2 protein chains.
Amino acid sequence: MADDQLSLTFAALADPTRRAILARLADGEATVNELAEPFDMSLQAISKHLKVLERAGLISRGRQAQWRPCRLEGAPLADASAWIDRYREIWHDRLGRLDEEIQRIQRHRTEETGDT
Amino acid sequence: MADDQLSLTFAALADPTRRAILARLADGEATVNELAEPFDMSLQAISKHLKVLERAGLISRGRQAQWRPCRLEGAPLADASAWIDRYREIWHDRLGRLDEEIQRIQRHRTEETGDT
DNA sequence: CAGTTGTTCAACTCTTTGGTTGAGTATGCG
DNA sequence: CGCATACTCAACCAAAGAGTTGAACAACTG
């Protein structure tokens, strides 16, 4: 995998487990054990996922006694969103045109058949 | 890699070559050769990248004689953007709070003797 | 028809990823 | 101290990714 920031972010997001972890962290900080609890997976596997998220800058980690609380960091998400948004116009256009097309067809049908 | 739609989309975006291809396609349809031209990479490699993008639904392909023109499809981008946007409030809040915190600290420094 | 162009398929290599288990480190508590 | 808790590190494995080369297919051109 490429190691530029955007690639790291998207790669980190390309896994349901990691997305679920981020969703959990949106509700506030959590420890590794708390994050691992919902998953049928070893603690070490979760630890690895957290490392991926950390490398992507999506989370940061503190130290409180033997706990390493994780916190969501939004900045890379903002960058990823900004990248995608460069295409927002395009997909809006496309979807907009699709809507128009559907409406056109339905008008057509109504005119011709007198249908609903 | 997980094969749900969102994972496929993010995984497809997690590569600079593929992102560059999408950027190129934002300007309009292109053939495989046209897409491959900027890259120092075999045509077959580009073909593979296109397959990844196609599997993620990010592009669709036509047939014109021996050419297979590619077109950008926005729908998965819209989904990806929507997923990230669920965290927009959080990252805005966080960045906002960070600003406030910095300002608070700086006020503090100025008011007191200047030390932490 | 043969030849050229555009593209894909197949097989191979090398690296990364996502999981495992087992051992090791760090902190708090009796 | 000794022990439990929270977590990480290391080694391993199977599967997937990203690239290569060589061969094949498809459609146009002379």
Side-chain angles (χ1 to χ4, degrees), chain A residues 1-22 24-25 28-72 76, chain B residues 1-22 24-25 28-72 76:
Chain A
M1 197 232 318
D3 61 352
D4 61 281
Q5 181 57 54
L6 214 41
S7 297
L8 287 175
T9 303
F10 281 129
L13 295 178
D15 183 289
T17 303
R18 288 194 291 261
R19 288 199 303 277
I21 288 174
L22 292 180
R24 165 65 188 78
L25 289 177
E29 293 196 1
T31 67
V32 179
N33 269 287
E34 287 167 351
L35 291 172
E37 194 270 327
F39 301 103
D40 187 17
M41 197 182 294
S42 72
L43 208 62
Q44 291 94 320
I46 298 294
S47 196
K48 279 194 182 183
H49 280 303
L50 293 176
K51 223 148 108 177
V52 173
L53 291 169
E54 191 175 18
R55 194 157 101 89
L58 283 161
I59 65 172
S60 62
R61 331 193 54 179
R63 254 176 210 275
Q64 285 174 26
Q66 65 267 57
W67 295 279
R68 310 289 314 272
C70 301
R71 163 188 314 194
L72 182 57
Chain B
M1 195 233 320
D3 61 351
D4 61 280
Q5 181 57 53
L6 214 40
S7 297
L8 287 176
T9 304
F10 282 129
L13 295 179
D15 183 290
T17 304
R18 289 194 290 262
R19 288 198 305 276
I21 288 175
L22 293 179
R24 165 65 187 79
L25 289 176
E29 294 195 359
T31 67
V32 180
N33 269 288
E34 287 167 350
L35 291 172
E37 194 270 328
F39 301 102
D40 187 18
M41 197 183 293
S42 72
L43 210 61
Q44 292 93 320
I46 298 294
S47 195
K48 278 194 182 181
H49 280 303
L50 293 175
K51 223 150 108 179
V52 173
L53 291 169
E54 191 175 19
R55 194 157 102 87
L58 284 161
I59 65 171
S60 62
R61 332 194 52 181
R63 256 176 209 275
Q64 284 173 28
Q66 66 267 60
W67 296 279
R68 310 289 314 274
C70 300
R71 161 188 315 193
L72 181 58

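Naming: A, B, ... by sequence-line order, numbering from 1 per chain. Not measured: the values here are computed from a predicted model.
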Return no unless some side-chain N or O of A:N33 is found under 4.0 Å from OP1 or OP2 of D:dT5.
no
Does D:dT8 have OP1 or OP2 under 4.0 Å away from a side-chain N or O of A:S47?
yes
Working to the nearest 0.5 angstrom, can you tell me the gap between A:L35 CG and A:R18 CZ?
14.0 Å
Please confirm whether the backbone N or O of B:G62 pairs with a side-chain atom of B:R68, one donor and one acceptor, at under 3.5 Å?
yes
Roughly, in whole Å, what's the span from CZ in B:R68 to C1' in D:dC28?
16 Å
Is a donor on one side and an acceptor on the other found under 3.5 Å between the side chain of B:R61 and the backbone of B:K51?
no
Which is more 5' along DNA chain D, the nucleotide nearest B:A14 or the one nearest A:K51? Just name the residue.
A:K51
So which of residues 55-64 of chain B are in contact with DNA chain C, with a heavy-atom cut-off of under 4.0 Å?
B:R61
Touch class at under 4.0 angstrom, heavy-atom based, for A:T17 against every strand present:
nothing
Atom CG of A:L35 to atom P of D:dT8: distance rounded to whole Å?
11 Å
Side-chain contact, heavy-atom cut-off 4.5 Å: B:I46 with B:N33?
no
Establish, with yes or no, whether the OP1 or OP2 oxygen of D:dG19 is under 4.0 angstrom from a side-chain nitrogen or oxygen of B:H49.
yes
Using the side-chain contact (heavy atoms from CB on, under 4.5 Å) rule, take A:L58 and A:L25 through it: C-alpha gap first, then chi angles, then the decisive distance, then the call.
CA-CA 10 Å; A:L58 283 161; A:L25 289 177; over 6 Å; no
So does B:Q5 get a backbone contact from the side chain of B:T9, meaning a donor-acceptor N/O pair under 3.5 Å?
yes
Does B:K48 get its side chain close enough to the base of D:dG19, under 3.5 Å, for a donor-acceptor pair?
yes
Non-hydrogen side-chain atoms of A:R19 and B:S7 separated by less than 4.5 Å
yes
Yes or no on side-chain contact (heavy atoms from CB on, under 4.5 Å) for A:L6 and B:L13, after CA distance, side-chain angles and deciding distance?
CA-CA 9 Å; A:L6 214 41; B:L13 295 179; over 6 Å; no
Nucleotide D:dT20, atom C1' - distance to CD of B:Q44 in whole Å
8 Å
DNA chain C: 5'-most and 3'-most nucleotides touching chain A, 4.0 angstrom heavy-atom criterion:
C:dT17 to C:dG28
Send over the distance from A:L50 CG to D:dC9 C1', rounded to a whole Å.
15 Å
